[in-house]
Peer 1: 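This is the structure, below, for whatever I ask next.
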Amino acid sequence: MDTQEQELEDIELFQKHVSDRFTELSSPPEDDALLSVSWLHRLLDVFLCCEAEFEAILIMDRDPSQLSKPPFDRLIPEFIERAVKALDICNAVANGVDSVRHCQKLSEIVISALDQNPLGDGHAKRAKKALLMLLSAMNLDDKEGTHVKATERSWSFGRRGVNKEQIAGHFRSLSWQVAKNWSSAKQIQSMIYNLVAPRGAEASGLPSPIYTMNVIMIFVMWALVAAIPCQERNGLPTHFPVPKQLNWAHSLIGLQEKIADEWKKKEKKGMSGLLDELQKMEKLAQSLIDFTDSFHFPGDAEKVKEAAVNVSELKEIFGRMDQGLTPLQMHIREVFHRIVRSRTEFLDVLEEGSAPVL
C-alpha cells in the first residue's frame with residue numbers, strides 16, 4: 001500500500017471512530033443522562049481520543065514542509081487559534097465547577113436540616129434559609145457568577161509577539177480567572193466564525209480531519225458552556241452548521257439539536273445551566289421551599305412523607321456530585337494540558353516546515 005492510500009485509509013478510519021464515539025454519546029444509559037456529570041466525563045474522553053488520533057494522522061511520519069503549503073498554511077493556524085480560545089473556555093468552565101460545588105454544599109445543609117425524625121420548626125427554618133440561598137445561587141446572572149472574584153488573568157497567550165518560553169510559563173495550570181469582561185458566548189461565536197467544510201478534492205484529503213477536529217473541539221466547548229455555570233453566556237449560539245452528508249455528522253447534529261432545545265428553555269427560565277444534576281436539584285429545591293414555607297410542627301403527615309422522598313432524591317444527587325465534581329475538574333485540566341501540548345507540537349511542525357533548507 002502506498003503512502004497516499006494509507007493516508008486515505010487512516011482518514012476514513014478516523015471518521016468512523018468519530019461517528020462511533022458520538023453515536024455512543026447520543027444514546028446514554030438511564031443512569032448517565034445527557035449533560036450529567038458522568039456524561040460530561042464521557043464527552044471529554046471522546047475529545048481526548050479523537051484529538052490523539054487526529055494528531056497522529058496529521059503529524060506522525062510526515063514531512064513538515066507539507067503542512068507549510070496551501071491550504072495547510074491557512075487551516076493549521078486557524079485550528080491553533082481556535083485551540084487558544086478553547087483554553088480560555090476550559091478556564092471559565094473550571095471556575096464554573098466551583099459554582100456547582102457551592103450549590104452542592106448548600107444542598108448538604110438542606111439535607112442535614114430536613115433529614116430528621118421528628119422534624120421540628122427550627123429544622124424547617126434552617127432548611128428554608130439554605131434553600132433560598134441555593135435557588136438564589138442557581139439563578140444569578142452569568143455576569144455575576146457565584147465563584148470568588150479574582151484578579152484578571154493575562155491575555156498574552158497566543159497573541160503576537162509571544163514566544164514558546166512565555167507560553168510554557170503561562171500555561172502550567174488552570175489557576176487563574178478569565179477577565180471580568182470576557183464572554184463565553186462570544187468566545188464560542190468566534191470559534192464558529194469562518195468554519196467552512198472542505199470541498200472538492202480537499203473533502204477526502206487531510207483538510208477533512210482538520211475540519212472534523214475543529215467541529216469536535218467547538219462542540220465539546222459549547223456543551224461544557226451550556227452545562228456548567230459560566231461567565232456571560234447570554235447570546236450563546238444554539239446552532240453551528242455541519243454538513244449532514246458527512247458520515248460522522250448525524251449523531252453530533254442530533255446531540256446539538258437536543259442541547260440547543262434545552263438551552264432555549266433555559267434562557268426563558270433563567271436556570272444556572274443545563275447540568276442534569278443542577279436541573280433536578282432546582283426542581284427539588286422549589287418543592288421543598290413550598291414545604292418549609294408552610295410547615296408547622298408536627299406537620300401534615302402526607303406532606304412530611306412527600307418531603308422525605310424529595311430529601312432522599314436530593315441525597316442521591318448530592319452523592320453523584322460529591323463523587324464526580326472533583327474528577328470532572330481534573331478531567332477539564334487534562335483536556336486543557338492536552339490542547340496546550342498539541343498546540344505547541346503544531347507550532348513546532350510549522351516552524352520546522354518553513355525553515356530554509358541548508
Side-chain angles (χ1 to χ4, degrees), residues 21-22 25-26 28 32-51 82-104 138 142 145-147 174 176-178 182-192 195 213-240 242 252 255-264 266-267 271-279 320-321 324-340 342:
R21 287 164 185 150
F22 277 94
L25 278 177
S26 64
D32 189 21
L34 180 67
L35 295 180
S36 63
V37 171
S38 58
W39 188 90
L40 291 177
H41 275 293
R42 292 174 60 210
L43 177 69
L44 296 177
D45 279 335
V46 164
F47 175 84
L48 292 168
C49 291
C50 290
E51 196 281 333
R82 287 190 179 96
V84 172
K85 292 168 181 174
L87 293 174
D88 289 329
I89 290 172
C90 285
N91 270 320
V93 172
N95 294 336
V97 175
D98 286 333
S99 300
V100 178
R101 193 176 282 114
H102 175 66
C103 293
Q104 181 206 5
M138 285 182 167
D142 287 335
T146 54
H147 46 266
L174 283 168
W176 58 92
Q177 307 280 334
V178 294
W182 183 84
S183 164
S184 57
K186 289 180 180 177
Q187 194 81 336
I188 294 292
Q189 288 168 4
S190 67
M191 290 179 75
I192 296 170
L195 179 66
M213 197 62 219
N214 269 314
V215 172
I216 292 169
M217 181 161 59
I218 292 169
F219 176 82
V220 170
M221 296 303 141
W222 174 75
L224 287 173
V225 168
I228 306 291
C230 203
Q231 185 171 315
E232 190 56 76
R233 293 179 297 180
N234 293 329
L236 182 69
T238 55
H239 176 74
F240 47 93
V242 180
L252 188 145
L255 283 169
Q256 183 189 26
E257 289 173 350
K258 286 180 186 176
I259 295 170
D261 287 344
E262 289 301 314
W263 180 258
K264 289 169 186 174
K266 178 265 171 197
E267 286 194 309
M271 294 185 299
S272 57
L274 298 184
L275 187 70
D276 182 66
E277 285 82 0
L278 275 184
Q279 293 199 73
R320 293 208 303 267
M321 286 182 164
L325 287 180
T326 297
L328 180 61
Q329 219 162 20
M330 293 171 66
H331 215 160
I332 294 167
R333 182 173 286 111
E334 182 183 358
V335 167
F336 178 95
H337 287 296
R338 173 70 69 83
I339 295 172
V340 171
S342 175

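Residue numbers count from 1 along this sequence. What's counted below: heavy atoms across the whole structure, side chains too, no hydrogens, waters or symmetry copies.
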Peer 1: Is any side-chain heavy atom of Val93 less than 4.5 Å from a side-chain heavy atom of Phe336?
Peer 2: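 SC-SC contact between Val93 and Phe336 ruled out.
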Peer 1: What is the minimum heavy-atom distance between Arg82 and Met191, and which atoms define it?
Peer 2: NE-O, 2.7 Å
Peer 1: Atom CD1 of Ile259 and atom NZ of Lys264: how far apart are they, to the nearest 0.5 Å?
Peer 2: 12.5 Å
Peer 1: Got Phe219 and Phe47 here, is their nearest side-chain heavy-atom distance under 4.5 Å?
Peer 2: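 No, every pair of side-chain atoms sits at 4.5 Å or beyond.
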Peer 1: Under a 3.5 Å distance rule, please check whether Trp222 uses its side chain to pair with a backbone N or O of Gln256 as donor and acceptor.
Peer 2: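 A pair under 3.5 Å: no.
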Peer 1: Is there a donor-acceptor pair closer than 3.5 Å between any side-chain N or O of Gln231 and the backbone N or O of Ala92?
Peer 2: no
Peer 1: Using a 3.5 Å distance criterion without hydrogens, assess whether the side chain of Arg233 forms a donor-acceptor pair with backbone atoms of Val225.
Peer 2: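 At least one qualifying donor-acceptor pair exists.
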Peer 1: Is the side chain of Gln329 donor-acceptor paired with the backbone N or O of Ala94 at a distance under 3.5 Å, no angle test?
Peer 2: yes
Peer 1: Applying salt bridge (charged side-chain N to carboxylate O under 4.0 Å, His left out), name anything that partners Asp45, two or more places apart in sequence or on another chain.
Peer 2: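 Once residues adjacent in sequence are excluded, Asp45 has no partner under the salt bridge (charged side-chain N to carboxylate O under 4.0 Å, His left out) criterion.
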Peer 1: Checking Phe22 against Leu25 for the side chain to side chain contact (heavy atoms under 4.5 Å, CB included) test, could you report, in this order, the C-alpha distance in whole Å, the side-chain angles of both residues, the deciding distance, and whether it holds?
Peer 2: CA-CA 5 Å; Phe22 277 94; Leu25 278 177; 4.0 Å; yes
Peer 1: Please determine whether the number of non-hydrogen atoms from other residues, nucleotides or ligands lying under 6.0 Å from atom NZ of Lys85 exceeds 12.
Peer 2: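 Yes.
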Peer 1: Over all heavy atoms of both residues, which pair between Ala260 and Thr238 is shortest? Give the atoms and the distance, please.
Peer 2: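 Smallest heavy-atom distance, with atoms named: CB-O, 3.1 Å.
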Peer 1: For Met221 versus Val335, what's the shortest heavy-atom pair and its separation?
Peer 2: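 The answer is CE-CG1, 4.2 Å.
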Peer 1: So does Leu48 get a backbone contact from the side chain of Glu334, meaning a donor-acceptor N/O pair under 3.5 Å?
Peer 2: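 Not a single qualifying donor-acceptor pair exists.
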Peer 1: Return the minimal non-hydrogen interatomic distance between Gly324 and His41, and the atom names on each side.
Peer 2: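 Distance-wise, the nearest heavy atoms are O-NE2, 3.4 Å.
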Peer 1: For Leu255 versus Ser26, what's the shortest heavy-atom pair and its separation?
Peer 2: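 Closest heavy-atom pair between Leu255 and Ser26: CD2-CA, 3.6 Å.
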Peer 1: Taking all atoms of both residues into account, what is the closest heavy-atom pair of Leu195 and Val215, and its distance?
Peer 2: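 What the structure gives for the nearest pair is CD2-CG2, 4.0 Å.
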Peer 1: Kindly say whether Leu35 contributes a backbone atom to a donor-acceptor pair with the side chain of Asp276 at under 3.5 angstrom?
Peer 2: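 No; zero donor-acceptor contacts below 3.5 Å.
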Peer 1: Please report the interatomic distance CH2(Trp263) to CG(Leu274), rounded to the nearest 0.5 Å.
Peer 2: 6.0 Å
